[in-house]
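Everything quoted here is computed from the prediction, not taken from an experiment. Along the sequence shown, the residues carry numbers beginning at 1.
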Amino acid sequence: MSSVGTKPKFNLTTHPTYHRLHHIELDQESLKLFFEAVKEINVERIEYVPFERFYLAQQLNEILGGNFQASVRKILHDRNTGGFTIGVQGLTDNLDDYVKFSTALSHLVGVPNFDGMSGKYYARFNVKHSFESDTYLRQAYRRFYLHTDGTFVNEQTDWLIMMKLEEQNAVGGESLLLHLDDWEDLEQFRNHPLANHPYEFTQKGRASKNVEDVVYNTTFYEHNHAPCIRFNDQCSVPYSIEQAKYHRDISQSLEKSPNVKAVSLPVGDLIMLNNTFWLHGRDAFDRNENLYRELLRQRGYFASI
Ligand SMILES: [Fe+2]
């Protein structure tokens, strides 16, 4: 919580669907001031000029009383939570404002990685009734299995943002979320002989990803004396039946975990997660020929300064 004088500028509550997440409610007047303060900065400008992205973060932090950045960082680094939702609270439905808002959030905690799918620091993508896709990302009627992001790139992927930009005729398609410490089979899999085996992870050859990296990494690792996971069923490349079975068993265990929560995100809201100990996926949508959803994503590393 923060206040200047006596009026709080933002307020943290427990997320109604997943107890480990926070929801951050912003003071409506402050949020208005933020959009007013950055209205002259267009999206092209922040795409071309990296320091402008930090200016957005600086403005948001100052308008929210100066300690907003510290609060957001604290949540994301806190092993017991590591995630929150936040939104524009109905103040705008301008997609450029959404890009600016999510950019301010990301630059409060670190720096986004280059996104090969868009060739920018963020990517926008849609999900529709029919789409020719080479991954499950845009296939609406399949469950998109739990995974972490960035397993197949040579960059640290500490956090991710998903923001809902638009939605029509969507039933289902909720974000599926699981905090690693809520996974009942964690100990079994992290103590398995293959837990420290360096698997190959790659998306090489998938045109939509536009990433040719081949990365060798273990499935589990430790950070701050706590287990972390790298897992993505679509880009792990096992070399044997045993290696394949280990990842297949992990995926099946994750999918059937009773602790996976389906979290709905209103248009204009975003979710920000610590990617080292949160898994995310997406539930299948109900069939509808007019289904349309557009999301924005950013992934990146934590600032050391
Ligand atoms: Fe993802």
Are the side chains of [Y] and [X] in contact, using a 4.5 Å heavy-atom criterion?
| X | Y | answer |
| --- | --- | --- |
| Arg287 | His129 | yes |
| Arg124 | Leu95 | yes |
| Arg297 | Phe125 | yes |
| Leu180 | Leu186 | yes |
| Ile75 | Ile24 | yes |
| Thr219 | Gln243 | no |
| Ile86 | Leu270 | yes |
| Leu177 | Ile271 | yes |

Do the side-chain N and O atoms of [X] and [Y] include a donor-acceptor pair separated by under 3.5 angstrom?
| X | Y | result |
| --- | --- | --- |
| Tyr145 | Gln234 | no |
| Tyr221 | Thr276 | no |
| Glu44 | Asn42 | no |
| Ser175 | His280 | no |

Mark yes or no for whether [X], through its side chain, and [Y], through its backbone, hold a donor-acceptor pair below 3.5 Å.
| X | Y | answer |
| --- | --- | --- |
| Arg53 | Glu47 | yes |
| Asn275 | Leu160 | no |
| Trp159 | Tyr301 | yes |
| Ser236 | Asp233 | no |
| Glu25 | Asn11 | no |
| Asp96 | Val43 | no |
| Arg73 | Leu108 | yes |
| Thr202 | Asp213 | yes |
| Asp115 | Lys120 | no |
| Asn61 | Phe68 | yes |

Take Phe277 and His179, measure what ring-ring contact (aromatic ring centres under 6.0 Å, His included) needs, and give me the verdict at the end. CA-CA 6 Å; Phe277 54 80; His179 187 292; 5.1 Å; yes
Got more than 12 heavy atoms from elsewhere within 6.0 Å of OH, Tyr239?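 Yes, OH of Tyr239 has more than 12 neighbouring heavy atoms, counting only those of other groups under 6.0 Å.
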Under 4.5 Å between side-chain heavy atoms, hopping through other hydrophobics if needed: is there a path connecting [X] to [Y]?
| X | Y | result |
| --- | --- | --- |
| Tyr122 | Val267 | yes |
| Tyr98 | Val127 | no |
| Tyr199 | Phe231 | yes |
| Tyr141 | Tyr292 | no |
| Phe35 | Leu33 | yes |

Would you mind checking if Arg190 and Glu222 are paired as a salt bridge, meaning a charged N to carboxylate O distance below 4.0 Å? yes
Taking only Lys NZ, Arg NE, NH1 and NH2, and the carboxylate oxygens of Asp or Glu, determine whether Lys245 and Glu242 approach each other closer than 4.0 Å. no
Could you tell me whether Phe302 and His77 have their ring centroids closer than 6.0 angstrom?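 When the ring centroids of Phe302 and His77 are compared, they turn out to be within the sub-6.0 Å range.
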Just do the side-chain contact (heavy atoms from CB on, under 4.5 Å) check on Thr81 and His15 with the steps written out, would you? CA-CA 11 Å; Thr81 127; His15 191 277; over 6 Å; no
Decide side-chain contact (heavy atoms from CB on, under 4.5 Å) for Phe84 and Leu105; before the verdict, give the C-alpha distance in whole Å, the side-chain angles of both, and the deciding distance to 0.1 Å. CA-CA 11 Å; Phe84 62 87; Leu105 262 300; 3.9 Å; yes
Set of salt bridge (Lys or Arg N to Asp or Glu O under 4.0 Å) partners for Lys204, sequence neighbours left out: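 Expected list: none.
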